[in-house]
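Let me begin by presenting the structure, written as structure tokens, before commenting on it.
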Amino acid sequence: MRIRNPYRSAVSVSLATAFILLWVNGAVGVTGSENNDANLMVFGVLAVGIVGAVVARFQPRGMAFALIATAIAQAFVTLVAIIGRLGHPASGPLELLSLNGFFIALWVVSACLFRQTARTAAA
């Protein structure tokens, strides 16, 4: 299946992911309850994406790297939350893995779409 405009799709996926991440974090919390201070780590994940996008000047190849870095930051937050038992007792390791895994997957999908854009532009 060929996507007509992968850059637009990549931007849409990444913005939707950021919005949903903020929404879920504010409503119920990504790590434990919404009152858990560990949820502030989400802003670090988003900062990685924003700084990466600015450094990449929103060019497809650089954006792919920025979104991979964002996915890695999300994975790091998950690892810290599980090892530090930051979601306890509201969120167990399986819940933390599945919820954060969902966001990691979306960041990677967006990165792949940016990469596809970069490849088509180079061809």
Side-chain angles (χ1 to χ4, degrees):
M1 180 173 108
R2 183 174 160 100
I3 299 172
R4 289 183 185 240
N5 192 340
Y7 187 89
R8 186 177 294 169
S9 299
V11 170
S12 298
V13 170
S14 60
L15 289 176
T17 303
F19 174 77
I20 294 167
L21 181 60
L22 285 171
W23 185 27
V24 168
N25 195 45
V28 294
V30 175
T31 305
S33 70
E34 66 274 7
N35 298 324
N36 191 335
D37 288 339
N39 286 314
L40 295 174
M41 291 188 292
V42 165
F43 295 108
V45 172
L46 295 175
V48 168
I50 292 167
V51 169
V54 170
V55 168
R57 295 185 182 149
F58 301 97
Q59 296 302 308
R61 186 170 186 272
M63 288 298 290
F65 287 116
L67 271 297
I68 289 296
T70 306
I72 291 169
Q74 186 88 46
F76 182 73
V77 164
T78 306
L79 186 66
V80 167
I82 291 171
I83 291 173
R85 298 186 59 165
L86 300 178
H88 188 73
S91 299
L94 185 59
E95 183 179 340
L96 289 170
L97 275 174
S98 56
L99 180 59
N100 284 287
F102 170 75
F103 290 110
I104 291 166
L106 288 174
W107 295 127
V108 170
V109 165
S110 183
C112 290
L113 288 167
F114 277 118
R115 186 171 177 222
Q116 181 182 351
T117 303
R119 282 185 174 175
T120 5

Return the minimal non-hydrogen interatomic distance between [X] and [Y], and the atom names on each side.
X	Y	result
E34	G26	CB-O, 3.9 Å
A71	I104	O-CG1, 3.9 Å
A118	P60	N-CB, 3.7 Å
A90	S33	CB-N, 4.0 Å
T31	A38	CG2-CB, 3.8 Å
M63	A56	N-CB, 3.7 Å

Nearest 0.5 Å, please: how far is [atom2] in [Y] from [atom1] in [X]?
X	Y	atom1	atom2	answer
T120	N5	OG1	CG	9.5 Å
Q59	R57	CD	CZ	8.5 Å
L67	I72	CG	CD1	11.0 Å
L21	Q74	CG	CD	5.5 Å
L96	I83	CG	CD1	12.0 Å
N25	W23	CG	CH2	13.5 Å

Candidate pair V77 and V42, rule side-chain contact (heavy atoms from CB on, under 4.5 Å), full reasoning: CA-CA 8 Å; V77 164; V42 165; 5.6 Å; no
I'd like to know if [Y] and [X] are part of one continuous hydrophobic network [Ile/Leu/Val/Met/Phe/Trp/Tyr, side-chain heavy atoms within less than 4.5 Å].
X	Y	answer
V28	V30	yes
L46	F102	yes
I50	F114	no
L86	L94	no
V48	F58	no

Exam field: side chain N39 to backbone G29, donor-acceptor pair closer than 3.5 Å: no
Sidechain-backbone polar pair: S110 side chain, L106 backbone, donor-acceptor under 3.5 Å: no
Step-by-step side-chain contact (heavy atoms from CB on, under 4.5 Å) determination, Y7 to L113: CA-CA 7 Å; Y7 187 89; L113 288 167; over 6 Å; no
side-chain contact (heavy atoms from CB on, under 4.5 Å) assessment of V45 paired with W107: CA-CA 11 Å; V45 172; W107 295 127; 4.2 Å; yes
Side chain to side chain, F103 and I20, heavy atoms closer than 4.5 Å: yes
Residues F43, L22; criterion side-chain contact (heavy atoms from CB on, under 4.5 Å); working and verdict: CA-CA 8 Å; F43 295 108; L22 285 171; 3.6 Å; yes
